Amino acid sequence: MMGRTLALAVLGLSIQAGAAWAQLDPLAPWPTANRDLAHTSQAPFVGPEKTRVLWTFDAAGTVWGPVVGRDGTIYAPSDDTNLYALHRDGTLKWSFPLGGAPCQHAAIGADGAIYATGLSLYALTPEGKEKWRFEAPNLGKYQSPTVGPDGTIYQGALSGYLYAVDPATGKQKWNHKFDARIQAPISFTLKGEPVIGLRHGNVPNVMKLDATGTPVWTFTGPDEMRSATVGPDGTLYVACKVGRVYALDPDTGALKWSSEVRSPSTAILEFPALAAGGTVLQGSGNGELAAYSPTGDVLWTFQPDSYHLDPETGQGMPLHMGTPVVDATGALYVPSPEADFWQLDRNGHYVSSIPLPALFTRMAMGADGTLYCGSLGGKLYAFGDGLVVGDANGDGRLTVADVVVALRKVVGIVPTTSQDLRSLDVNTSTGGGRPYGNGRLDVADAISMLYQCVAPRADWPYPRAAVAQPSGN
């Protein structure tokens, strides 16, 4: 267990270091699609052990990919052309109309501003008030903004234009015309260079761009290609619709390796994710999730029909596996549009599943480990195990008795588990790059819990210091 605690601390430090080049909100648990500009879908939080549906929120159309703000607010766009802001209990905080066109993902900037795209690109305050809007032809349906490493907002249009927008003023910095629709969201190399996927002149390409949007290199594939997921060494991993994963050199675009993840009878729809050590995780159109080493070796595969039927429901194989969310212990949470929500261990072994229809293929995780997933049926689902922050003795509430249990864990009388870190690692005085906690349990956490017992605060464990605008990145 000490090894898992150390791994959490190391991961927290790596996230903090990454914030130096990412002008996303460093205090938000999940500020953009796939969590970060590298599209890793990797979270420095511990997910639920026994997942269940905690609540649902109903919209009037398909709910797409949520993001999560520094105070735990969930921002979810819908086909009804609204962006919904929800409290952590699933109740509506506010909604904002996106001008008649739906967005797939919002993004949260370093100052907490929320960016979302409809017929215009909107910048909103955390209270749902419009700061500015950027208007351009054909911004339209299912486009999403991306916050770049220097804070610049990147926005693609159906006409093939890529716009760079100043986050302070909403004014255009530059634009570049491509003969294609740009796949969103955009990725960035470890050097901060934009990488886009598009079908340029009816030819599927991945391109790295310079600071003005001009292509530096182009990699051509056999069919539609997603934007890249960026490995810890900078390698770009790109999924292609015909069923291959490509590993590309970020400086030259040269092919390092490729692997077929399934027969090409159905399409790959999703980005790769990354697990510990740079392991690449790719869902496919035949219900398979595969794990690859950074050199392209197959480490394991999971395919529900060849492993398990759900012991309670007898549910069979889904047709697509979405992008996994990887928690700090390596546990995997995988949505499937046709069948289930899957939970696997770090080695790809079945843990549990929840039969639900038409889930969207990208999720978000909050700092308490709660998972959020939209659906084609117009629902936003919250998955978790009902964790109560600070509840050390398991009675479902925070009392002085929990403080005593926490102190016993701190001094080693009672062992500390990874689930304890989810609930009890609440002090923010030492940072660690997380919205709260530093990846370990210590006396400061027990003191914070005691203060909450004596004088409860509605925003706990998100202290006022953490909720305030950060002074730097």
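Computed from a prediction, not measured in an experiment: that's the story for all the values here.
A donor-acceptor pair is defined here as one N or O able to donate and one able to accept, closer than 3.5 Å; such a pair exists between the side chain of Trp94 and the backbone of Pro126. Proximity of a side-chain donor or acceptor of Thr81 to a complementary backbone N or O of Ala101 within less than 3.5 Å is not detected. A donor-acceptor pair is defined here as one N or O able to donate and one able to accept, closer than 3.5 Å; such a pair exists between the side chain of Arg346 and the backbone of Thr329. Of the possible polar contacts, none joining the Thr361 side chain to the Gly322 backbone as a donor-acceptor pair under 3.5 Å is found. At distances below 3.5 Å, not a single donor-acceptor pair connects side-chain atoms of Ser120 with backbone N or O atoms of Tyr122. Of the possible polar contacts, one joining the Lys208 side chain to the Pro250 backbone as a donor-acceptor pair under 3.5 Å is found. In this structure, Gln42 contributes its side chain and Leu274 its backbone to a donor-acceptor pair below 3.5 Å. The backbone N or O of Ser159 lies less than 3.5 Å from no partner atom in the side chain of Asn138, so there is not a single donor-acceptor pair.
Using cut-offs of 30° and 60° on the angle between ring planes, the pair Trp257 and Tyr237 is tilted. Ring planes of His39 and Phe271: parallel class, angle under 30° (limits at 30 and 60°). Using bins of under 30°, 30° to 60° and over 60° for the plane-to-plane angle, the ring pair Tyr381/Phe383 lands in the parallel bin.
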Check step by step if side-chain hydrogen bond (donor to acceptor under 3.5 Å, both in side chains) holds for Gln343 and Thr51. CA-CA 8 Å; Gln343 183 175 345; Thr51 308; 2.6 Å; yes

May I have the step-by-step check of side-chain contact (heavy atoms from CB on, under 4.5 Å) for Leu248 and Lys256, ending in yes or no? CA-CA 5 Å; Leu248 307 179; Lys256 289 186 171 183; over 6 Å; no

Assess the residue pair Ser78 and Asn82 against the criterion (side-chain hydrogen bond (donor to acceptor under 3.5 Å, both in side chains)); give the C-alpha distance rounded to whole Å, side-chain angles, the decisive distance to 0.1 Å, and a yes or no. CA-CA 6 Å; Ser78 169; Asn82 288 302; over 6 Å; no

Any chance you could lay out the side-chain hydrogen bond (donor to acceptor under 3.5 Å, both in side chains) test for Thr220 and Asn205, step after step, and finish with the verdict? CA-CA 4 Å; Thr220 301; Asn205 292 312; 2.7 Å; yes

side-chain contact (heavy atoms from CB on, under 4.5 Å) evaluation trace for Leu98 with Cys103: CA-CA 8 Å; Leu98 297 175; Cys103 179; 3.8 Å; yes

Decide yes or no on side-chain contact (heavy atoms from CB on, under 4.5 Å) for Thr235 and Val230, but give the supporting numbers first. CA-CA 6 Å; Thr235 298; Val230 185; over 6 Å; no

Walk me through whether Arg362 and Thr323 qualify under side-chain hydrogen bond (donor to acceptor under 3.5 Å, both in side chains). CA-CA 6 Å; Arg362 277 166 252 156; Thr323 298; 5.1 Å; no

Kindly indicate, with the supporting measurements, whether the criterion side-chain contact (heavy atoms from CB on, under 4.5 Å) is fulfilled by Leu380 and Ile74. CA-CA 10 Å; Leu380 178 71; Ile74 306 105; 4.0 Å; yes

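Taking 4.0 Å as the cut-off between side-chain N and carboxylate O, Asp420 and Arg440 do not count as a salt-bridged pair. Checked for salt-bridge contact, Arg70 and Asp25 meet the test: a charged N lies under 4.0 Å from a carboxylate O.
In this structure, Leu255 CG and Leu236 CG are separated by 11.5 Å, a value rounded to the nearest 0.5 Å. Tyr154 contributes atom OH, which lies 12.5 Å from atom OG of Ser187 (distance to the nearest 0.5 angstrom). Leu124 contributes atom CG, which lies 9.5 Å from atom CH2 of Trp132 (distance to the nearest 0.5 angstrom). Here the NZ-CZ distance, from Lys129 to Phe96, works out to 10.0 Å after rounding to the nearest 0.5 Å. Rounded to the nearest 0.5 Å, atoms CG (Leu359) and CH2 (Trp342) are 11.5 Å apart. With rounding to the nearest 0.5 angstrom, the CZ atom of Phe57 is 5.0 Å from the CG atom of Leu86.
Annotation: side-chain hydrogen bond (donor to acceptor under 3.5 Å, both in side chains) contacts of Thr56 (sequence neighbours excluded): none. Tyr333 is linked by a ring-ring contact (aromatic ring centres under 6.0 Å, His included) to nothing, counting only residues two or more places apart in sequence or in another chain. Among residues two or more places apart in sequence or in another chain, the side-chain hydrogen bond (donor to acceptor under 3.5 Å, both in side chains) test is passed with Asp210 by Thr212. A search for salt bridge (charged side-chain N to carboxylate O under 4.0 Å, His left out) contacts involving Asp251 returns Lys191, not counting sequence neighbours. Partners of Tyr163 according to the ring-ring contact (aromatic ring centres under 6.0 Å, His included) rule, which considers only residues two or more places apart in sequence or in another chain, are Phe134, Tyr161.
Heavy atoms only, all atoms of each residue included: Pro145 and Ala107 are closest at O-CB, 3.9 Å. Of all heavy-atom pairs between Phe360 and Cys373, the closest is O-SG, 3.3 Å. Scanning all heavy atoms of the two residues, the minimum distance from Gly156 to Leu139 falls at O-CD2, 4.0 Å. Of all heavy-atom pairs spanning Gly69 and Pro29, the tightest one is O-CD, 3.0 Å. The two atoms that bring Val325 and Leu371 nearest to each other are CG1-CD2, 3.9 Å, heavy atoms only. Residues Leu37 and Pro149 share a closest heavy-atom pair of CD1-N, 3.8 Å.
Residues Val326 and Leu332 meet the side-chain proximity criterion, which asks for heavy atoms closer than 4.5 Å. At least one side-chain heavy atom of Tyr372 sits under 4.5 Å from a side-chain heavy atom of Val68. Two residues are said to be in side-chain contact when any heavy atoms from C-beta on lie closer than 4.5 Å; Val245 and Val238 fail this criterion. Annotation: side chain of Ile153 is not in contact with side chain of Thr146 (no heavy-atom distance under 4.5 Å). Annotation: side chain of Arg88 is not in contact with side chain of Thr370 (no heavy-atom distance under 4.5 Å). Considering only heavy atoms from C-beta on, Val195 comes within 4.5 Å of Thr189 through its side chain. Leu24 is not listed as a side-chain neighbour of Trp30, based on a closest heavy-atom distance of 4.5 Å or more. When side chains are defined from C-beta on, Met225 counts as touching Tyr246, because their heavy atoms get closer than 4.5 Å.
You'll find the ring centres of Tyr84 and Tyr75 outside the 6.0 Å limit.
For residues 377-389, the set of pairs meeting the salt bridge (Lys or Arg N to Asp or Glu O under 4.0 Å) definition, not counting sequence neighbours, comprises Asp58-Lys379, Asp385-Arg422.
Between the side chains of Thr73 and Lys93, a donor-acceptor pair is found at a separation under 3.5 Å. When only modelled atom types and interatomic distance are considered, Asp79 and Trp64 share a side-chain donor-acceptor pair under 3.5 Å.
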